[in-house]
Amino acid sequence: QLCADSSYDLIIVRVSADRAGILSSLQGLVERSVLQADTLEYFAWDLSNLPSESGESLDFETHASNQFETIRSLVEVSFSGYRNHYSENPQLARSATVEGYLEWVERAMQAETSRMFLATKTGQLEPLGFIVADVNVQQHIAEVLLNGVDPAHRRQGVYQTCLVGAAWALRQIDGMTKLVISTQSANTSVKAAWNQLGLRHWFDINTFHVMRTAT
């Protein structure tokens with residue numbers, strides 16, 4: 001009903017994948033077209049089961065930060081050409097993915113519950129990877145909203161250093177007991193890395209783009 005009444009040209013709808021009837025319901029809307037743009041797989045990490053090391057290595061280390069501008073260019077380079085629900089919609093510009101992520105993470109970091117962690121070379125300040133998370137202090141659950149690594153430094157241990165370091169900090173400083181993170185279902189390499197660290201598949205969410213049709 002919200003989609004039917006809305007004046008927006010594009011509405012992004014996310015629902016649990018077990019709601020099998022939602023697609024047909026959306027397709028029944030008058031003057032709307034519907035695209036299933038992606039499926040997100042959510043993984044959960046029991047933070048009582050972290051690796052014995054805090055994520056530091058001889059090559060990289062993790063730092064906490066709250067300055068969005070320190071990762072703006074890193075977000076741009078990390079998600080240039082990245083395929084997600086924005087890029088699956090032919091009606092959106094190619095730049096929509098990066099612009100959407102920049103706006104989303106900058107807004108998210110304005111909340112008191114936001115946390116950001118940077119991975120750098122040991123003893124240096126330039127961020128090579130980042131994780132932005134939100135903490136739920138009542139449920140003791142942290143959700144990773146966005147994370148990325150400079151393409152020039154991938155497959156070198158930057159991502160694992162950042163993720164493990166962030167998990168340790170979230171547990172020790174914020175008292176989090178669970179970390180939740182998601183990715184597109186086709187992103188098999190990231191899911192394999194999570195499984196190796198001890199994260200386990202939790203649930204799936206489908207993303208639909210509901211678009212106003214020309215009259």
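Any value given below was found using the heavy atoms of this structure, including those in side chains, with hydrogens, waters and symmetry copies removed.
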Pairing residues for Glu88 by the salt bridge (Lys or Arg N to Asp or Glu O under 4.0 Å) criterion, not counting sequence neighbours = Arg83
query = Which pairs count as ring pair (Phe, Tyr, Trp, His ring centres under 6.0 Å) when at least one residue sits in residues 7-42, sequence neighbours excluded?
reply = Tyr42-Phe203
task = Check ring-ring contact (aromatic ring centres under 6.0 Å, His included) between Phe79 and all other residues, then give those that pass, not counting sequence neighbours.
result = Tyr82, Tyr101
task = List in chain and number order the residues that pass salt bridge (Lys or Arg N to Asp or Glu O under 4.0 Å) with Lys178, two or more places apart in sequence or in another chain; answer none if no residue qualifies.
result = none
message = Holding to side chain to side chain donor-acceptor pair (under 3.5 Å), I want the full list of residues that pass it with Asn136, two or more places apart in sequence or in another chain.
response = none
key: Inter- and intrachain pairs under salt bridge (Lys or Arg N to Asp or Glu O under 4.0 Å), touching residues 185-200, at least two apart   = Glu41-Lys191
note = Residues passing the side chain to side chain donor-acceptor pair (under 3.5 Å) test with Ser78, sequence neighbours excluded, are none
request  = Tell me, please, which residues at least two apart from Glu69 pass side chain to side chain donor-acceptor pair (under 3.5 Å).
outcome  = Arg72
remark   = Phe68 meets the ring-ring contact (aromatic ring centres under 6.0 Å, His included) criterion, sequence neighbours left out, with none
Side chain to side chain donor-acceptor pair (under 3.5 Å) partners for Arg32, two or more places apart = none
inquiry  = Show every ring pair (Phe, Tyr, Trp, His ring centres under 6.0 Å) that has at least one partner inside residues 109-149, sequence neighbours left out.
reply    = none
task = Any salt bridge (Lys or Arg N to Asp or Glu O under 4.0 Å) involving residues 2-30? Give me the pairs, sequence neighbours left out, ordered by first then second residue.
result = Asp9-Arg212, Arg14-Asp38
